[in-house]
Amino acid sequence: MTSLKKFLEDKEYTRIKLKRTKTNHFEIHASINGVEGNFILDTGASSTCIGLDSARKFKLISEASDIKAAGAGASNMETEISKKNELHIGKWTRKGIKVVLFDLTHVNQALINHDAAPVNGIIGADILKRGKAIIDYDKKALFLK
């Protein structure tokens with residue numbers, strides 16, 4: 001019997017280890033525009049997001065957006081959009097990535113309140129779809145193609 005890992009690697013998927021946080025989220029290390037950061041993997045987030053306070057750190061060039069962000073107990077938040085970014089997750093790389101910027105203070109405060117480390121952003125369903133993602137919850141692994 002072939003393992004999921006072997007099966008997906010034979011299909012040219014890249015395996016990325018995930019770390020479970022104290023809030024029962026998966027945390028993932030990724031690099032945007034050559035800068036490493038910590039992110040929550042969130043299948044319920046439609047877009048990949050970075051905190052406004054980390055825009056300079058990740059070399060993001062952004063513009064105002066009419067889109068209002070909502071989630072994790074906050075709603076109707078102002079956003080900015082940054083296009084044409086390069087994302088690395090493990091050995092998986094994509095260019096032309098769009099990132100939504102908004103105030104992640106409420107997200108990080110919730111993490112801190114549960115003794116978890118704050119994050120730079122959220123890897124959302126846009127990236128998971130683009131990478132044909134498969135999550136192995138038991139083995140704490142993300143597979144991207």
Side-chain angles (χ1 to χ4, degrees), residues 4-5 7-137 139-145:
L4 178 62
K5 177 183 173 190
F7 175 80
L8 292 174
E9 286 174 348
D10 287 347
K11 302 279 185 198
E12 299 182 5
Y13 274 80
T14 298
R15 182 180 186 272
I16 299 109
K17 284 185 74 168
L18 299 171
K19 176 184 168 191
R20 191 175 301 276
T21 68
K22 292 183 179 184
T23 57
N24 213 22
H25 290 94
F26 279 129
E27 185 178 275
I28 190 166
H29 298 284
S31 167
I32 297 179
N33 300 326
V35 179
E36 290 189 23
N38 291 324
F39 297 83
I40 288 176
L41 184 67
D42 189 348
T43 60
S46 57
S47 300
T48 293
C49 308
I50 290 184
L52 281 165
D53 60 340
S54 293
R56 180 173 279 147
K57 172 183 176 169
F58 289 102
K59 305 173 191 170
L60 301 175
I61 298 168
S62 62
E63 57 192 53
S65 168
D66 293 333
I67 299 168
K68 301 289 184 194
S75 62
N76 210 32
M77 295 179 290
E78 299 290 327
T79 65
E80 295 180 13
I81 300 289
S82 177
K83 301 174 184 175
K84 299 181 181 176
N85 298 290
E86 187 171 321
L87 174 66
H88 295 270
I89 303 174
K91 294 178 182 173
W92 187 85
T93 302
R94 289 297 179 276
K95 293 181 179 179
I97 298 295
K98 180 179 81 172
V99 176
V100 175
L101 290 94
F102 72 101
D103 184 358
L104 285 179
T105 304
H106 64 288
V107 171
N108 280 322
Q109 190 57 57
L111 290 168
I112 291 165
N113 289 347
H114 289 89
D115 296 322
V119 294
N120 300 110
I122 297 164
I123 301 294
D126 56 340
I127 296 302
L128 298 175
K129 182 177 179 186
R130 192 165 176 177
K132 298 179 168 84
I134 296 172
I135 301 170
D136 183 339
Y137 286 88
K139 303 283 187 200
K140 298 181 192 139
L142 169 68
F143 294 86
L144 295 173
K145 186 170 185 173

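Computed from a predicted structure; not experimentally measured. Along the sequence shown, residues are numbered consecutively beginning with 1. For the numbers below, each heavy atom of this structure counts, side chains included, while hydrogens, waters and symmetry mates do not.
- One N or O on the side chain of S82 and one on the backbone of I61 form a donor-acceptor pair closer than 3.5 Å.
- To the nearest 0.5 Å, atom CD1 of residue I127 and atom CG of residue L144 are 9.0 Å apart.
- Smallest separation of non-hydrogen atoms from G37 and F58: CA-CZ, 4.0 Å.
- Applying the side chain to side chain donor-acceptor pair (under 3.5 Å) test to residues at least two apart or on different chains, the pairs with a partner in residues 32-45 are H29-N38, N33-N85.
- Between F26 atom CZ and I40 atom CD1 the span is 12.5 Å, to the nearest 0.5 Å.
- In this structure, D136 and K139 approach most closely via the heavy-atom pair OD1-N, 3.0 Å.
- A side-chain donor-acceptor contact under 3.5 Å links E86 and H88.
- Heavy-atom minimum distance, L104 versus G121: CD1-CA, 3.6 Å.
- Here the closest non-hydrogen pair linking L111 and P118 is CD1-CA, 4.2 Å.
- Checked by atom type and distance alone, the side chain of N108 pairs as donor or acceptor with a backbone atom of V119 at under 3.5 Å.
- Taken from OG1 in T14 to CD1 in I89, the straight-line distance is 10.0 Å, to the nearest 0.5 Å.
- Contact detail for A30 and L87: the closest heavy-atom pair is CB-CD1, 4.1 Å.
- Under a 3.5 Å cut-off, the side chain of K145 and the backbone N or O of K11 do form a donor-acceptor pair.
- The backbone N or O of G124 lies less than 3.5 Å from a partner atom in the side chain of T48, making a donor-acceptor pair.
- Rounded to the nearest 0.5 Å, atoms CG (L101) and CD (E63) are 11.0 Å apart.
- The CZ atom of R130 lies 7.0 Å from the CZ atom of R94; values are rounded to the nearest 0.5 Å.
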* Determine, stepwise, if the pair V100 / I122 fulfils side chain to side chain contact (heavy atoms under 4.5 Å, CB included). => CA-CA 10 Å; V100 175; I122 297 164; over 6 Å; no

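- Smallest separation of non-hydrogen atoms from Y13 and G131: CE2-O, 4.2 Å.
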* Asked: Given the rule in the side chain to side chain contact (heavy atoms under 4.5 Å, CB included) test, do L41 and L128 qualify, once you have shown the distances and angles that lead to the verdict?
  -> CA-CA 9 Å; L41 184 67; L128 298 175; 3.6 Å; yes

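- Here the side chains of L18 and Y137 are not in contact, with every heavy-atom distance at 4.5 Å or above.
- Looking at K98 and D126, their side chains never come closer than 4.5 Å, going by heavy atoms from C-beta outward.
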* Asked: Yes or no on side chain to side chain contact (heavy atoms under 4.5 Å, CB included) for K59 and V35, after CA distance, side-chain angles and deciding distance?
  -> CA-CA 8 Å; K59 305 173 191 170; V35 179; 3.9 Å; yes

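- Within the 4.5 Å cutoff, the side chain of L60 has heavy atoms near those of the I32 side chain.
- With rounding to the nearest 0.5 Å, the separation of NZ in K132 from CH2 in W92 is 10.5 Å.
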